[in-house]
Amino acid sequence: MADRLAIILHTLSSQDNKREWRSKEKEGLTQFLNEEFLYDWKGYAVWDAGNGTVDCHYEARIVVKPTKAVSEDKELARLLAKIPFTTKEKIRDLFARRLQEYLDHEFDYYCTCEDYYQPVVEDFEDNLEYDVKQWSEQNGFEFLSCDGDGGDDGYEPKFRNNWY
């Protein structure tokens, strides 16, 4: 058993093995930088007029391309310093979470910013493109395209359920 353990330790600490692992460091980042970043976003917000609500929803397909500036991202740099073999999927998840949070916030603001005027969710397309361009610029991506559609479920008076 001792001989087998010695062989394993010798193989693990060999120069060939160390070279191979060094060559795989940040391989996930390299793969991520060479692919387009496709993201399907679904947004939801509720406009509340006090006496009634409107459920707003929007779905979009977003295509951006990571640039070298992505590798300067502080959160990504911390992740890669901790785990240099992070996969492209984990890196994608990091930016997908950020994009989701950003667009959720922007859509919620769009739908709720006017107290007395119901939002026209179908017109969010222009805001979406602007927001994705802003996010891309801030996070080291190149904007390629976005396309989406949305709507609302109509005005639902709060007193409706009290009528018999």
Side-chain angles (χ1 to χ4, degrees), residues 17-50 52-156 158:
N17 191 43
K18 288 179 182 179
R19 239 187 326 274
E20 183 176 340
W21 278 102
R22 271 193 298 270
S23 72
K24 291 181 180 182
E25 282 186 13
K26 297 187 180 177
E27 188 176 302
L29 177 61
T30 303
Q31 292 171 349
F32 180 76
L33 290 172
N34 290 324
E35 296 178 3
E36 289 181 348
F37 179 68
L38 305 170
Y39 187 69
D40 291 324
W41 172 69
K42 292 182 181 180
Y44 177 77
V46 177
W47 176 74
D48 191 344
T53 61
V54 174
D55 293 336
C56 305
H57 51 88
Y58 203 91
E59 292 186 24
R61 180 159 189 93
I62 298 162
V63 184
V64 292
K65 177 120 176 79
T67 65
K68 293 224 183 266
V70 165
S71 56
E72 298 169 10
D73 182 82
K74 290 178 183 174
E75 189 177 357
L76 177 60
R78 281 193 304 273
L79 176 64
L80 291 172
K82 186 188 264 187
I83 308 169
F85 307 104
T86 301
T87 64
K88 68 179 181 181
E89 291 81 15
K90 291 289 183 191
I91 296 170
R92 183 195 181 291
D93 291 346
L94 168 75
F95 288 104
R97 176 185 48 81
R98 273 201 210 157
L99 182 56
Q100 179 76 36
E101 289 171 358
Y102 181 82
L103 291 176
D104 284 351
H105 175 268
E106 294 301 316
F107 185 62
D108 187 61
Y109 178 75
Y110 176 84
C111 292
T112 61
C113 69
E114 294 287 337
D115 289 336
Y116 303 107
Y117 299 100
Q118 179 177 335
V120 182
V121 179
E122 295 83 1
D123 292 345
F124 183 68
E125 180 80 27
D126 293 335
N127 289 58
L128 176 69
E129 186 170 325
Y130 175 81
D131 292 338
V132 173
K133 284 179 180 178
Q134 286 293 107
W135 182 89
S136 297
E137 215 173 273
Q138 295 168 359
N139 289 278
F141 286 79
E142 175 188 345
F143 173 81
L144 298 179
S145 70
C146 66
D147 185 37
D149 190 29
D152 62 59
D153 295 338
Y155 185 74
E156 183 70 32
K158 287 186 178 180

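Given the structure is predicted, the values throughout are model-derived calculations rather than measurements.
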| field | Test log, rule side-chain contact (heavy atoms from CB on, under 4.5 Å), inputs Asn139 and Tyr102 | value | CA-CA 11 Å; Asn139 289 278; Tyr102 181 82; over 6 Å; no
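- Under the ring-ring contact (aromatic ring centres under 6.0 Å, His included) criterion, Tyr58 pairs with Phe124, sequence neighbours left out.
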| Working for side-chain contact (heavy atoms from CB on, under 4.5 Å), residues Val121 and Val54 | CA-CA 10 Å; Val121 179; Val54 174; 6.0 Å; no
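- Nearest heavy atoms, Val64 versus Ser136: CG1-OG, 3.3 Å.
- Residue Val70 comes nearest to Gly140 through the heavy atom pair CG2-O, 3.0 Å, listed as atom of the first residue, atom of the second, then distance.
- In this structure Arg98 satisfies the salt bridge (Lys or Arg N to Asp or Glu O under 4.0 Å) test together with Asp73, Glu75, sequence neighbours excluded.
- Applying the salt bridge (charged side-chain N to carboxylate O under 4.0 Å, His left out) test to residues at least two apart or on different chains, none of the pairs has a partner in residues 135-144.
- No hydrogens or angles considered: a donor-acceptor pair under 3.5 Å links the side chains of Tyr39 and Gln100.
- Classified by interplanar angle (parallel below 30°, tilted 30° to 60°, perpendicular above 60°), the ring pair Phe32/Phe141 is perpendicular.
- For residues 104-113, there are no salt bridge (charged side-chain N to carboxylate O under 4.0 Å, His left out) pairs, not counting sequence neighbours.
- Considering only residues two or more places apart in sequence or on other chains, Asp131 meets the salt bridge (Lys or Arg N to Asp or Glu O under 4.0 Å) condition with none of them.
- The two atoms that bring Thr67 and Leu33 nearest to each other are O-CD2, 3.2 Å, heavy atoms only.
- Going from atom CG of Leu103 over to atom CH2 of Trp135 covers 8.5 Å, rounded to the nearest 0.5 Å.
- For the ring-ring contact (aromatic ring centres under 6.0 Å, His included) test, no residue two or more places apart in sequence or in another chain qualifies with Trp47.
- Counting all heavy atoms, side chain and backbone alike, Lys65 lies closest to Glu36 at CD-CG, 4.2 Å.
- Looking at residues two or more places apart in sequence or on another chain, you find a salt bridge (Lys or Arg N to Asp or Glu O under 4.0 Å) between Glu101 and Arg97.
- Glu114 is linked by a salt bridge (Lys or Arg N to Asp or Glu O under 4.0 Å) to nothing, counting only residues two or more places apart in sequence or in another chain.
- In this structure, Pro119 and Asp152 have side chains that are not in contact, with every pair of non-hydrogen atoms separated by 4.5 Å or more.
- Atom CG of Asp147 is separated from atom CD of Glu129 by 10.0 Å, given to the nearest 0.5 angstrom.
- Summarising the geometry of Asp123 relative to Asn127, their closest heavy-atom pair is O-OD1, 4.2 Å, with the distance given to 0.1 Å.
- For the atom pair CG of Leu29 and CG of Asn34, the computed distance is 9.5 Å after rounding to the nearest 0.5 Å.
- Annotation: side-chain contact (heavy atoms from CB on, under 4.5 Å) contacts of Glu122 (sequence neighbours excluded): Val120.
- Applying the salt bridge (charged side-chain N to carboxylate O under 4.0 Å, His left out) rule to pairs touching residues 82-96 yields Glu35-Lys88, sequence neighbours excluded.
- For the pair Trp41/Leu128, a side-chain contact is recorded, criterion being any heavy-atom separation below 4.5 Å from C-beta on.
- Taking each heavy atom of Thr86 and Leu80 in turn, the nearest pair found is CB-CD2, 3.8 Å.
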| query | Do Arg61 and Leu38 pass the side-chain contact (heavy atoms from CB on, under 4.5 Å) test, and can you show the C-alpha distance, the side-chain angles, and the key distance before you say yes or no? | reply | CA-CA 7 Å; Arg61 180 159 189 93; Leu38 305 170; 3.6 Å; yes
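- Not a single side-chain contact (heavy atoms from CB on, under 4.5 Å) links Asp149 to another residue, sequence neighbours left out.
- Residues passing the side-chain hydrogen bond (donor to acceptor under 3.5 Å, both in side chains) test with Tyr44 are Asp55, sequence neighbours excluded.
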